[in-house]
Protein chains: 2
Amino acid sequence: MFERFRRYLEDKIILSENDYQLIKSISIVKKLRKHQFLLTEGDVCTFNAFVCEGFLRKYSVDDKGTEHTVYFATENWWTADRQSLMDGTPSKYYIEAIEDSAVLLISKSNFELLSEKIPPFRDMVNQLIQRSLNATHERINNTFISTAEEKYNHFLKSFPNLANRTPRHMLASYLGITPETLSRIRKQVSGK
Amino acid sequence: MFERFRRYLEDKIILSENDYQLIKSISIVKKLRKHQFLLTEGDVCTFNAFVCEGFLRKYSVDDKGTEHTVYFATENWWTADRQSLMDGTPSKYYIEAIEDSAVLLISKSNFELLSEKIPPFRDMVNQLIQRSLNATHERINNTFISTAEEKYNHFLKSFPNLANRTPRHMLASYLGITPETLSRIRKQVSGK
DNA sequence: AAAAACTCTTGATAAATGTCAAAAAGAATT
DNA sequence: AATTCTTTTTGACATTTATCAAGAGTTTTT
């Protein structure tokens, strides 16, 4: 499993063999079966997770019991609850495997160690976070600008490889609409 | 004006007098009158801006000409279009002074210089971006979870000091509702 | 101070999306 | 292959929010 992560890193930054050994030594492989949780509400998140294979989502549950998907993560993506990780507060989110998955866990302290010892790693992470922030702002903007149908089409265009893998009701909850509305939109769109 | 920024920095990190002199030497003070733009759509954003005083907002304009406020910035906040800044692409956003304001501009290259020469500065910035990302995720989650009224109340609670300063139609566009709906909500809420 | 230009509120109506219930389709399990 | 469980679709109806138009308040400009 670590090989995946290594290839990911090789693609982004240049590291010594020692660096890779250090990273490998602190990485924990975790396999998850479909429906299994990596994090549940109330937990304090203690890791960053790199997705080697599979498909996960992060979601919250509101007072009425409705799920709201805030994030998907598939191969080569990261996932965690950064808020909880940063502040040590209990998480409001669930992170659940949508498919059988394998992730690499790096604990908070080890992650800080890596950032300290390996500047290129630190810079890579900071750039990722920047990009993530940009993408999240973009998502907010789209959410407000678009109708349900436009949001659906925008998702298809942005994540063509996720479209078929994503259960509809999870996609609906990611778009902020009900499964029924999504179903009707899909019918309309296919008729065009 | 630089004094404001200095106090802000003193509050967060420990720097030498030399560091402050360096920072001061590359900071550009810019005063903005109400309605004046710091950035307009199509511009490439070339700076990070620290708000010394005043009140600004960042918004996009959709096909129908409707404005969508994505961000407010007041004293001690930062503003920029990071996407455009990072990639050198034309911005989709306007940044406009809502009140007479004074900002400190730091160009992209000087900002990188500071991050390189002054590690505490770099760390501070990275932490800010992390927090901003957390807040933005939180905002997305709230947007989906909440009704218009809840979003309004949440804004009041989160930014009590902005509530009275913010023109209603801009607040409405930040919440993703129309000014008319906001007006009706305010009437309801005040009746309680 | 009057006029003009915004901003906010109110009312009537329309459109989009949500809710609830049930049927249909698809997967997983026996 | 049959059964059970889950997911998706469909229909009828309700609710929320948007739209359009007009009027009341505020600010800004002349």
Side-chain angles (χ1 to χ4, degrees), chain A residues 33-36 55 57 59 61-69 72 96-100 142-156 162-192, chain B residues 32-37 54-55 57 59 61-69 72 94 96-100 142-156 162-192:
Chain A
R33 299 228 44 206
K34 189 173 175 174
H35 296 139
Q36 202 179 336
F55 194 15
R57 69 166 176 149
Y59 66 93
V61 178
D62 69 19
D63 304 336
K64 289 172 206 138
T66 310
E67 297 175 358
H68 301 270
T69 302
F72 291 115
E96 181 195 16
I98 303 179
E99 304 172 357
D100 292 350
N142 276 321
T143 298
F144 287 151
I145 282 185
S146 311
T147 62
E149 182 175 338
E150 286 164 345
K151 282 188 266 187
Y152 173 63
N153 285 324
H154 188 262
F155 181 89
L156 292 189
L162 295 189
N164 296 320
R165 276 169 95 176
T166 311
R168 309 253 190 282
H169 67 279
M170 296 183 189
L171 175 50
S173 85
Y174 179 84
L175 299 176
I177 59 181
T178 58
E180 292 93 332
T181 298
L182 178 57
S183 177
R184 288 175 182 119
I185 285 167
R186 285 167 46 77
K187 197 177 173 186
Q188 269 185 32
V189 169
S190 72
K192 283 181 184 164
Chain B
L32 293 161
R33 302 228 42 206
K34 189 175 176 172
H35 295 140
Q36 202 179 335
F37 289 101
F55 194 17
R57 68 165 176 148
Y59 66 93
V61 178
D62 70 18
D63 304 338
K64 289 174 205 138
T66 310
E67 296 174 358
H68 302 270
T69 302
F72 290 114
Y94 297 82
E96 181 193 17
I98 302 179
E99 302 172 358
D100 292 351
N142 275 320
T143 298
F144 287 150
I145 282 184
S146 310
T147 63
E149 180 175 339
E150 287 164 346
K151 282 188 266 187
Y152 173 65
N153 285 324
H154 189 262
F155 181 88
L156 293 188
L162 295 189
N164 296 322
R165 276 169 94 176
T166 311
R168 308 250 191 284
H169 66 281
M170 295 183 192
L171 175 51
S173 85
Y174 179 83
L175 298 176
I177 59 179
T178 58
E180 292 93 333
T181 297
L182 179 56
S183 176
R184 287 176 183 119
I185 285 167
R186 285 167 46 77
K187 198 177 173 186
Q188 270 185 33
V189 170
S190 72
K192 284 183 183 167

Review item, nucleotides 12-16 of chain C N/O atoms under 3.5 Å of protein N/O:
unit_1	atom_1	unit_2	atom_2	d
C:dA12	N6	B:Arg184	NH2	3.4

Would you indicate what B:Lys34 reaches in the nucleic acid, counting non-hydrogen atoms under 4.0 angstrom: base, sugar-phosphate, or nothing?
->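 Sugar-phosphate contact only.
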
Enter the distance from [X]:[atom1] to [Y]:[atom2] here, rounded to the nearest 0.5 Å.
X        : Y        : atom1 : atom2 : answer
A:Leu171 : A:Leu156 : CG    : CG    : 7.5 Å
A:Leu162 : A:Ile98  : CG    : CD1   : 8.5 Å
B:Phe37  : B:Glu96  : CZ    : CD    : 4.5 Å
B:Phe72  : B:Tyr59  : CZ    : OH    : 12.0 Å
A:His169 : A:Leu182 : NE2   : CG    : 11.0 Å

Which nucleotide of DNA chain D is the first, and which the last, in the 5' to 3' direction, to come under 4.0 Å of a heavy atom belonging to chain B?
-> D:dT17 to D:dT28

Is the shortest side-chain heavy-atom distance between [X] and [Y] below 4.5 Å?
X        : Y        : answer
B:Val189 : B:Glu149 : yes
B:Phe55  : B:Asp100 : no
A:His154 : A:Lys151 : no

Enumerate, atom names and distances included, each donor-acceptor pair closer than 3.5 Å involving a side-chain atom of residues 174-181 of chain B, sequence neighbours excluded.
unit_1	atom_1	unit_2	atom_2	d
B:Thr178	OG1	B:Thr181	N	3.3
B:Thr178	OG1	B:Thr181	OG1	3.0

Under the side-chain contact (heavy atoms from CB on, under 4.5 Å) test, which residues partner A:Ser173, sequence neighbours left out?
->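 A:Ser173 satisfies side-chain contact (heavy atoms from CB on, under 4.5 Å) with A:Arg57, A:Thr69 only.
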
Length of the line joining [X]:[atom1] and [N]:[atom2], which is rounded to integer Å:
X        : N      : atom1 : atom2 : answer
B:Arg168 : C:dC6  : CZ    : C1'   : 14 Å
A:Tyr152 : C:dT17 : OH    : C1'   : 17 Å
B:Arg186 : C:dT7  : CZ    : P     : 15 Å
A:Lys151 : C:dT17 : NZ    : C1'   : 10 Å
A:His35  : C:dA27 : NE2   : C1'   : 11 Å

Check against side chain to side chain contact (heavy atoms under 4.5 Å, CB included), A:Thr66 and A:Val61 = CA-CA 5 Å; A:Thr66 310; A:Val61 178; over 6 Å; no

Taking side chain to side chain donor-acceptor pair (under 3.5 Å) as the test, write out the residues that go with A:Tyr152, two or more places apart.
->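 Result, side chain to side chain donor-acceptor pair (under 3.5 Å) vs A:Tyr152: A:Arg186.
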
For the helix from C:dA1-D:dT30 to C:dT30-D:dA1, how many degrees between its two end axes (five pairs per end), to the nearest 10°?
-> 50°

Hey, does the side chain of B:Lys187 come within less than 4.0 Å of C:dT9's phosphate (OP1/OP2), counting only N and O?
->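 For B:Lys187, the contact criterion (side-chain N or O under 4.0 Å from OP1 or OP2 of C:dT9) is not met.
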
Between the protein and nucleotides 23-26 of chain C, which nitrogen or oxygen pairs come in under 3.5 angstrom?
none

Salt bridge (Lys or Arg N to Asp or Glu O under 4.0 Å) involving [X] - partner list, sequence neighbours excluded:
X        : result
A:Arg168 : none
B:Glu150 : none
A:Asp62  : none

A:Arg33 backbone acceptor or donor facing A:Gln36 side chain under 3.5 Å |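 It does hold such a pair.
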
Within residues 174-183 of chain A, find the residues that approach DNA chain C with a heavy atom at under 4.0 Å, and present them sorted by residue number.
-> A:Gly176, A:Ile177, A:Thr178, A:Glu180, A:Thr181

